[in-house]
Amino acid sequence: MTTGHPPRFLTTPDAAKRVGLSHRTLEKHRCYGTGPAYRKLGGRVVYAIDELDAWVELGRRSSTSDPGTGTVHPARKAEG
């Protein structure tokens with residue numbers, strides 16, 4: 001059954017493709033808390049497209065000297 005509406009949520013593999021990362025990297029971001037917001041629907045993880053796009057925009061820069069307004073952290077454990 002299709003409603004004709006575009007999807008609002010993407011699975012991990014589809015979300016990873018949208019942002020140009022591997023699904024494993026996106027899973028690591030999720031585990032370390034450095035990635036985009038996600039939802040658990042039953043046992044399934046999904047990402048809202050607008051929130052995924054907003055996370056990507058945090059890394060937006062116009063030049064190498066542009067500090068930007070946000071930071072997309074690497075997918076690794078925080079040190080400390």
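Only this structure's heavy atoms are used, side chains among them; waters, hydrogens and symmetry mates stay out.
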Within a reach of under 6.0 Å around CZ of R44, are more than 12 heavy atoms found that belong to other residues, nucleotides or ligands?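 No - once you tally the heavy atoms of other residues, nucleotides and ligands closer than 6.0 Å, there are 12 at most.
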
Hydrophobic cluster identity match, V46 and W55, side-chain contacts under 4.5 Å: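 No: no chain of side-chain contacts under 4.5 Å links V46 to W55.
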
Under a 4.5 Å side-chain heavy-atom rule over Ile, Leu, Val, Met, Phe, Trp and Tyr, are L58 and Y38 clustered together?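 L58 clusters together with Y38.
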
Ignoring hydrogens, what is the shortest heavy-atom contact between [X] and [Y]? Give both atom names and the distance.
X	Y	result
E51	A37	OE1-CB, 3.6 Å
H29	L21	CD2-CD1, 4.3 Å
T34	R76	CG2-O, 4.3 Å
V72	G59	CG2-N, 3.6 Å

Student check: side-chain heavy atoms of R18 and I49 closer than 4.5 Å: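 When only atoms from C-beta onward are counted, I49 and R18 do touch, with a gap below 4.5 Å.
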
Quick one, L26 and P36 - any side-chain contact, counting heavy atoms below 4.5 Å?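 Result yes, sub-4.5 Å side-chain heavy-atom pair found.
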
Is a side-chain donor or acceptor of D66 paired with a backbone partner of S62 at a separation under 3.5 angstrom?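 Yes: the side chain of D66 pairs with the backbone of S62.
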
Side chain to side chain contact (heavy atoms under 4.5 Å, CB included) between Y47 and R30: does it pass, once the steps are laid out? CA-CA 11 Å; Y47 295 87; R30 188 168 65 239; 2.9 Å; yes

Cation-pi geometry met for R39 and F9 (6.0 Å, 45°):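 Cation-pi check for R39 and F9: fails.
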
